[in-house]
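First the structure, in the form of structure tokens, and then the observations on it.
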Protein chains: 2
Amino acid sequence: MTEGSGAGTGAGAAEAVGARAKVGRPTMNDVAREAGVSQSTVSFVLNDRRDIPVAAETRERILEAARSLGYRLNRRAQELRLNRSTTLGVVSYGVASHPFAGALLAGMQTAARAAGHVCMVIDVDGHDGDEAVADLLDRGVTGIVHASAGTGPVTVNRQLGETRELFVGCWPESGGTGEGTVLPDDREGGRRAAAHLLELGHRDLAFLGGPADDFAAGERAAGLDDALRAASADPSRVVRRNGDYGSRSGYRITNELFDAGRPTALICGNDQMALGALLALHERGLRVPDDVSIVGYDDQEALADAIHPALTTVRLPHREMGLRAAELLVKPASGTPHEELVDCPLVVRESTAKPR
Amino acid sequence: MTEGSGAGTGAGAAEAVGARAKVGRPTMNDVAREAGVSQSTVSFVLNDRRDIPVAAETRERILEAARSLGYRLNRRAQELRLNRSTTLGVVSYGVASHPFAGALLAGMQTAARAAGHVCMVIDVDGHDGDEAVADLLDRGVTGIVHASAGTGPVTVNRQLGETRELFVGCWPESGGTGEGTVLPDDREGGRRAAAHLLELGHRDLAFLGGPADDFAAGERAAGLDDALRAASADPSRVVRRNGDYGSRSGYRITNELFDAGRPTALICGNDQMALGALLALHERGLRVPDDVSIVGYDDQEALADAIHPALTTVRLPHREMGLRAAELLVKPASGTPHEELVDCPLVVRESTAKPR
DNA sequence: TTGAAAGCGGTACCAG
DNA sequence: CTGGTACCGCTTTCAA
């Protein structure tokens with residue numbers, strides 16, 4: 001009731017304001033003014049709060065005003081008020097370098113989105129993830145998933161207070177896995193690859209493993225032993241070599257192997273090494289799978305199913321891993337850390353057959 | 001000065017409050033209370049606003065309080081107040097499916113981060129990107145980059161009002177490229193691949209192109225013609241076939257080609273097709289590059305440089321494209337749409353040599 | 001040199 | 001049924 005407000009009618013004031021040029025996005029206040037109601041009523045209607053009764057006619061007017069103004073919700077304001085978050089932070093250890101990173105991301109993305117969340121991703125290339133974690137935290141993410149396609153340790157020192165953190169395809173070097181880890185079941189995958197060959201009747205196996213100090217490589221080798229034991233096969237019959245997961249090491253090792261002996265089946269550390277092996281075999285005039293069977297690992301899109309013959313391999317379920325990780329983080333914390341092993345199915349294609 | 005406030009000393013009040021259990025993250029108010037100053041002073045100090053003079057001793061006290069409380073800025077609130085954004089929206093058309101998507105993302109990520117931004121990425125798999133754009137807009141992103149590793153049209157109908165949008169590796173089917181496009185210079189890349197072979201002395205070329213209706217495939221073919229013209233070579237001397245960018249099509253076409261004739265060099269639509277060609281050649285007992293030279297396209301990590309012989313190819317600069325796109329969007333709009341072509345360098349490795 | 005207060009765009013309680 | 005109002009955490013005048 002201050003004097004000088006010239007408070008004739010509300011409509012008069014609205015018109016005066018309407019004359020001023022609009023700047024920025026329309027807000028609920030703009031919609032309210034347009035519809036001639038209060039801003040809170042707009043909030044109720046736009047949020048479809050059916051517990052608050054609003055006259056059908058009023059509701060229509062508000063909806064129409066919002067439409068004509070091109071109103072869009074300001075989620076920042078909403079989340080500030082509600083003190084809740086619909087963003088998942090992901091710190092990625094090498095999106096660029098790994099061909100699987102995309103699948104991992106896509107999986108997280110899908111699960112996040114299904115829960116109305118969206119992913120903020122920061123890639124820390126090499127250097128530790130602390131700064132990224134801090135940044136994400138400032139932005140109020142629901143939780144953070146540390147993602148790597150590499151299945152190895154990752155550097156994060158400063159475990160921030162109450163942060164919800166989860167590791168997929170990796171684990172913190174410093175220990176303390178937060179809400180848990182999601183990893184591929186490489187041991188069972190390795191067992192399957194070997195069991196498949198054993199069942200086909202192969203007895204002279206060669207194992208072209210990954211680097212000796214690689215965790216996944218070790219698991220896959222352990223799986224091989226499991227299969228051997230289960231089949232009561234002599235472990236000394238399989239010749240083992242370590243490579244570096246690169247195609248060239250597969251090529252080199254295969255040549256060394258066949259210079260010295262004549263295995264009938266090759267179990268490779270990954271699809272790349274399998275490709276190298278295939279190339280070496282081709283050059284030697286050996287045919288796959290007629291003369292030699294090959295099984296890979298990873299089921300690398302655009303490789304395993306693309307080469308000729310198509311590669312029998314074990315699939316690394318990156319998409320599923322991402323899905324699972326995001327799912328775990330967007331729903332309330334379970335309290336106890338979750339250690340999940342995701343199944344790696346054997347994909348039988350053309351590169352394996354019975355020995356002749 | 002209300003009665004009953006028992007406003008003895010400020011310290012007394014602070015203690016009373018301090019006794020209540022803390023819930024949620026500490027705010028500037030908490031820091032202010034702890035340091036015995038007002039919240040605005042905290043803001044000045046924490047933002048290091050040197051234009052506002054604050055006693056060194058006060059400053060120290062505030063910094064100490066923030067540290068001991070574990071204070072972290074709430075960016076949501078800050079950005080709401082400032083009405084500015086430090087998030088870049090990216091809608092991705094197939095992160096999972098494309099092996100290059102990671103590099104594209106990493107590039108955007110790097111540029112965004114250099115400007116204090118972070119990327120929110122939504123992958124729309126197949127269906128149109130409208131919903132994703134709307135969501136990102138609600139979240140107040142600075143701009144949106146539509147990203148695809150495929151170099152093709154993309155479906156976004158509802159071009160929202162004043163949104164800053166940019167397309168990398170794609171363009172909107174419906175026209176209107178927003179602030180512009182960033183694409184690889186495939187024509188020049190195609191020219192380089194062909195020129196390289198021509199310079200080596202090859203005259204019997206075969207072109208194993210991508211799908212006839214693919215834009216990039218067309219550009220690369222046009223580049224081949226450019227090279228032929230520049231070398232005054234007879235265009236009819238090069239036999240052309242269309243494949244589907246898959247390894248198997250490279251394998252099949254190569255077999256057909258060599259059943260009918262004997263080119264000395266193969267220009268492939270991409271590295272996958274080159275791999276197929278290599279496999280087919282190997283099986284026929286033909287050696288690369290001794291008998292036949294091969295050049296690929298893409299420089300697909302874990303393929304081109306991994307196979308034996310390593311592939312001479314043209315590099316698709318996805319990382320650079322991503323970088324450029326994000327750079328353009330985090331800085332003020334230029335006004336005029338930006339059409340950028342990023343250079344695709346020729347990477348000479350082992351699969352090409354002079355014809356015998 | 002410091003503090004009070006307005007307001008960014010919403011939500012939700014409470015009175016009418 | 002509807003509007004007024006406090007408040008989420010922060011920035012920034014304006015006074016003291």
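Each chain gets a letter, A, B and so on, in the order its sequence line appears, and its residues count up from 1. Worth saying up front: this structure is predicted, and the values here are computed from it rather than measured.
DNA chain D is contacted by both B/Tyr71 and A/Pro53; A/Pro53 maps to the nucleotide lying nearer its 5′ end (nearest heavy atom per residue). Summary of the strand contacts: B/Arg61 and B/Asn83 both lie near DNA chain C, and taking for each the nucleotide with the nearest heavy atom, the more 5' one is attributed to B/Arg61.
Out of C/dG10, D/dC10, D/dC1, the shortest distance to the side chain of B/Met28 is found at D/dC10. Side-chain atoms of A/Leu80 lie closest to D/dG9 of the nucleotides D/dG3, C/dT11, D/dG9. Side-chain atoms of B/Ala55 lie closest to C/dT1 of the nucleotides D/dT11, C/dT1, D/dT13.
Between the CZ atom of A/Arg76 and the P atom of D/dT11 there is a distance of 13 Å, given to the nearest Å. Taking atom CZ of B/Arg75 as the reference point, atom P of D/dG9 lies 17 Å away to the nearest angstrom. One interatomic measurement links the two molecules: CZ of A/Arg50 to P of C/dA12, which rounds to 17 Å at whole-angstrom precision. Atoms CG (A/Asn47) and C1' (C/dT11) sit 8 Å apart, rounded to a whole Å. The CZ-P distance, from A/Phe44 to C/dG10, rounds to 15 Å in whole Å. Atom CG of A/Leu137 is separated from atom C1' of D/dG9 by 16 Å (rounded to the nearest Å). Going from atom CG of A/Leu69 over to atom C1' of C/dG9 covers 15 Å, rounded to whole Å. Separating the CZ atom of B/Arg33 from the P atom of D/dG9 is a distance of 11 Å, rounded to the nearest angstrom.
For the helix from C/dT1-D/dA16 to C/dG16-D/dC1, the angle separating the two terminal helix axes comes to 50°, with each axis derived from five pairs and the value rounded to 10°.
Checking the phosphate oxygens (OP1, OP2) of C/dG9, no side-chain nitrogen or oxygen of A/Gln78 falls inside 4.0 Å. At least one side-chain nitrogen or oxygen of A/Thr41 sits closer than 4.0 Å to the OP1 or OP2 atom of D/dG3. Within the structure, every side-chain polar atom (N or O) of A/Asn74 is placed at least 4.0 Å from both OP1 and OP2 of C/dC8. Between C/dT2 and B/Thr58, a contact under 4.0 Å exists linking OP1 or OP2 to a side-chain N or O. The shortest distance between the side-chain N/O atoms of B/Ser43 and the OP1/OP2 oxygens of D/dT11 is below 4.0 Å. An OP1 or OP2 oxygen of D/dG9 is reached within less than 4.0 angstrom by no side-chain nitrogen or oxygen of B/Thr27.
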As a quick check of understanding, evaluate salt bridge (Lys or Arg N to Asp or Glu O under 4.0 Å) for A/Arg59 and A/Asp48, giving each step before the final call.
CA-CA 10 Å; A/Arg59 163 184 313 278; A/Asp48 207 27; 3.8 Å; yes
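Neither side chain, A/Glu340 nor A/Thr181, offers a donor N or O lying under 3.5 Å from an acceptor on the other. If you check the side chains of B/Ser40 and B/Ser43, you find no donor sitting under 3.5 Å from an acceptor. Using modelled atom types and a 3.5 Å distance limit, the side chains of A/Arg319 and A/Thr110 yield a donor-acceptor pair. Looking at A/Thr86 and A/Glu79, their side chains do bring a donor and an acceptor atom within 3.5 Å of each other.
The closest side-chain heavy-atom distance from B/Val156 to B/Tyr93 is below 4.5 Å. At least one side-chain heavy atom of A/Leu82 sits under 4.5 Å from a side-chain heavy atom of A/Gln78. Within the 4.5 Å cutoff, no side-chain heavy atoms of A/His338 are placed close to those of A/Glu179. B/Val95 places none of its side-chain heavy atoms less than 4.5 Å from the side chain of A/Gln109. Looking at A/Val121 and B/Val118, their side chains never come closer than 4.5 Å, going by heavy atoms from C-beta outward.
Contact annotation for B/Leu82: backbone-only contact, meaning every heavy-atom pair under 4.0 Å involves sugar-phosphate atoms and none involves a base. Heavy atoms of B/Asn29 sit nowhere under 4.0 angstrom from any nucleic acid atom. A/Ile52 comes within contact range of at least one nucleobase, with a heavy-atom separation under 4.0 Å. Here A/Arg49 lies in heavy-atom contact (under 4.0 Å) with sugar-phosphate atoms only. Within the nucleic acid shown, A/Arg84 has no heavy atom closer than 4.0 Å to any nucleic acid atom.
Judged by distance alone, the side chain of B/Asn83 and the main-chain N or O of B/Leu80 form no donor-acceptor pair under 3.5 Å.
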I'd like a list of close polar pairs between nucleotides 5-7 of chain D and the protein, N/O only, cut-off under 3.5 Å.
residue : atom : partner : partner atom : Å
D/dC7   : O2   : A/Arg81 : NH1          : 2.6

